[in-house]
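Notes for the one structure printed next.
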Amino acid sequence: MEERTEIKDLGEFGLIDYLTRNIEIQNASTVLGVGDDAAVIDHFGKQTVISTDMLVEGIHFDLMYTPLKHLGYKSVVVNLSDIYAMNATPTQITVSIAFSNKVSLEALSEFYEGIYAACEKYGVDLIGGDTSNSQKGFIISVTAIGEVTPDQFVKRSTAQKGDLLCVTGDLGAAYLGLTLLEREKKIFLENPAVKPDLEDQTYIIGRQLKPEARKDIVEFLQEQEIVPTAMMDVSDGLSSEILHIAKQSNLGVVLYEEKIPIAQESKEMALKFSLDPTACALSGGEDYELLFTMKQQDYDKIVLNEQISVIGYMTDIAEGAHIHTKGGNKFKLVAQGWNAFKQ
């Protein structure tokens, strides 16, 4: 039987010392990290970008099928994605957790392994946080801090008429991974003797349990000297994010169904579940891809990047928001996806 250490044996300060004992600072902007009343950061003339996300057990994750290391990693990545969506570089995070006494020190160590793996991959420093008791369930709050060259940050509200609408990577995979995990959980709860069958779907399950933030795209845009006119990350589904940009920029939009990037694995699994792959892409969420608009003259610069798809363009607000289907029909774009489209 694996070892179990009760947290109460350490106390709060002992726990913090234990979880942060091997921190190595990676950014010059981190002047003072964990171990004092507050951290000190100095971005040397850059502007500071800050974002916070909360993840709650039973709402945002299920520990029946989410390994704690993956959960730690994902908790960081979903925050870093928001920083990249501002065209900024993440540099520091704080992590606060609340947990019940059913959580052991070994479990928290595993969770923090994931946090440190994400910090290392994305070059950010863990500089503080808090721990607390929770009556039930595991609660995680991460704040990400980043830096950006003055006035190079990109908002959601600054798209222009005629701009190209672009998205990175592929969409719908995380939702399909979740659908598969939920199916296997249901079968297991009904019959614990049945071994879960994840059908070797490593891609879509990986997209759900261990997403990545698009650091590569922000770096590519900077190299190509492209500043998107508007940008946000795709956490709630493509259609609702497109509508955010259109509404906040006071514009209409045309989206082409055939241009929406969907991985082959996602298409095949959607059909197995009798789901429309486009619906999964439009409404699934948790893909953490970047959705952005850019000037048409920059098209030649992005055409060589296979990770960027042009999926539509911004129009006058009077024209509304529409999707042109593969079958040649035109539907109003709505936030909850394909089935709810009405002409």
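What you see is a predicted model, and the numbers here were worked out from it, not measured in a lab.
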Compute whether any side-chain donor of one residue and acceptor of the other, for [X] and [Y], lie under 3.5 angstrom apart.
{"X": "Gln208", "Y": "Glu286", "value": "yes"}
{"X": "Gln92", "Y": "Ser29", "value": "yes"}
{"X": "Ser249", "Y": "Ser157", "value": "no"}
{"X": "Glu219", "Y": "Tyr84", "value": "no"}
{"X": "Asn27", "Y": "Thr91", "value": "no"}
{"X": "Thr168", "Y": "Glu289", "value": "yes"}
{"X": "Glu147", "Y": "Thr89", "value": "no"}

Please check: side-chain N/O of [X] versus main-chain N/O of [Y], any donor-acceptor pairing under 3.5 Å?
{"X": "Ser309", "Y": "Ile311", "answer": "no"}
{"X": "Asp53", "Y": "Val142", "answer": "no"}
{"X": "Lys69", "Y": "Glu113", "answer": "no"}
{"X": "Gln26", "Y": "Asp125", "answer": "no"}
{"X": "Asn191", "Y": "Ala193", "answer": "yes"}
{"X": "Gln47", "Y": "Asp151", "answer": "yes"}
{"X": "Tyr122", "Y": "Ala213", "answer": "yes"}
{"X": "Ser240", "Y": "Gly237", "answer": "yes"}
{"X": "Asp287", "Y": "Gly172", "answer": "yes"}
{"X": "Thr149", "Y": "Gln152", "answer": "no"}

Query raised in the report: Step by step, would you call Glu199 with Lys272 a salt bridge (Lys or Arg N to Asp or Glu O under 4.0 Å)?
Result: CA-CA 11 Å; Glu199 301 182 30; Lys272 274 191 184 176; 2.7 Å; yes

Would you call [X]-[Y] a salt bridge at under 4.0 Å N-O?
{"X": "Glu241", "Y": "Arg156", "value": "no"}
{"X": "Lys295", "Y": "Asp298", "value": "no"}
{"X": "Arg214", "Y": "Glu212", "value": "no"}
{"X": "Asp163", "Y": "Lys161", "value": "no"}

Would [X] end up clustered with [Y] when hydrophobic side chains under 4.5 Å apart are linked, directly or stepwise?
{"X": "Val227", "Y": "Ile83", "value": "no"}
{"X": "Ile308", "Y": "Leu304", "value": "yes"}
{"X": "Leu282", "Y": "Phe331", "value": "yes"}
{"X": "Ile302", "Y": "Val218", "value": "yes"}

State, with a plain yes or no, whether a side-chain heavy atom of [X] is found less than 4.5 Å away from one of [Y].
{"X": "Ile139", "Y": "Ile97", "value": "no"}
{"X": "Val310", "Y": "Leu165", "value": "no"}
{"X": "Leu71", "Y": "Ile140", "value": "yes"}
{"X": "Val40", "Y": "Thr30", "value": "no"}

Take atom [atom1] in [X]; do more than 12 heavy atoms of anything else shown fall under 6.0 Å from it?
{"X": "Gln297", "atom1": "CD", "value": "yes"}
{"X": "Gln224", "atom1": "CD", "value": "yes"}
{"X": "Met54", "atom1": "CE", "value": "no"}
{"X": "Phe188", "atom1": "CZ", "value": "no"}
{"X": "Tyr299", "atom1": "OH", "value": "no"}

Report summary line: Only residue of Asn79, Ile127, Thr52 satisfying side-chain contact (heavy atoms from CB on, under 4.5 Å) with Thr143 is Thr52

Report task. Among Val154, Leu291, Thr293, find the residue that satisfies the side-chain contact (heavy atoms from CB on, under 4.5 Å) test when tested with Pro228. Result -> Val154

Report summary line: The side chain to side chain donor-acceptor pair (under 3.5 Å) partner of Tyr65 among Glu182, His70, Lys185 is Glu182

Requested in this report: Test Asp170 against every option in Gln264, Arg207, Lys267, Gln307 by the side chain to side chain donor-acceptor pair (under 3.5 Å) rule and name the one that passes.
Outcome: Arg207

Requested in this report: May I have the step-by-step check of salt bridge (Lys or Arg N to Asp or Glu O under 4.0 Å) for Glu258 and Lys326, ending in yes or no?
Outcome: CA-CA 6 Å; Glu258 67 194 33; Lys326 291 172 186 169; over 6 Å; no

Write down the atom of [X], the atom of [Y], and the distance for their closest heavy-atom approach.
{"X": "Leu171", "Y": "Leu238", "value": "CD1-CD2, 3.7 Å"}
{"X": "Ile145", "Y": "Ile41", "value": "CG2-CD1, 3.6 Å"}
{"X": "Leu80", "Y": "Ala144", "value": "CD2-CB, 4.2 Å"}

Query raised in the report: Can you name the side chain to side chain contact (heavy atoms under 4.5 Å, CB included) partners of Asp130, sequence neighbours left out?
Result: Glu12, Ser96

From [X] [atom1] over to [Y] [atom2], what is the distance, rounded to the nearest 0.5 angstrom?
{"X": "Thr158", "Y": "Phe153", "atom1": "OG1", "atom2": "CZ", "answer": "9.0 Å"}
{"X": "Lys301", "Y": "Asn305", "atom1": "NZ", "atom2": "CG", "answer": "13.5 Å"}
{"X": "Met314", "Y": "Leu255", "atom1": "CE", "atom2": "CG", "answer": "10.5 Å"}
{"X": "Tyr203", "Y": "Ser266", "atom1": "OH", "atom2": "OG", "answer": "6.0 Å"}
{"X": "Phe99", "Y": "Asn101", "atom1": "CZ", "atom2": "CG", "answer": "10.0 Å"}
{"X": "Glu106", "Y": "Glu6", "atom1": "CD", "atom2": "CD", "answer": "9.0 Å"}

Report task. Kindly indicate whether a cation-pi arrangement holds for Lys210 with Tyr73, taking the cut-offs as under 6.0 Å to the six-membered ring centre and within 45° of the axis. Result -> yes

Query raised in the report: Does Lys195 have any salt bridge (Lys or Arg N to Asp or Glu O under 4.0 Å) partners at least two apart in sequence or in another chain, and if so, which?
Result: none

Query - Ring geometry between Phe138 and Phe111 (parallel below 30°, tilted from 30 to 60°, perpendicular above 60°) - result: perpendicular

Report task. Decide yes or no on side chain to side chain donor-acceptor pair (under 3.5 Å) for Thr325 and Glu257, but give the supporting numbers first. Result -> CA-CA 5 Å; Thr325 68; Glu257 181 191 7; 4.6 Å; no

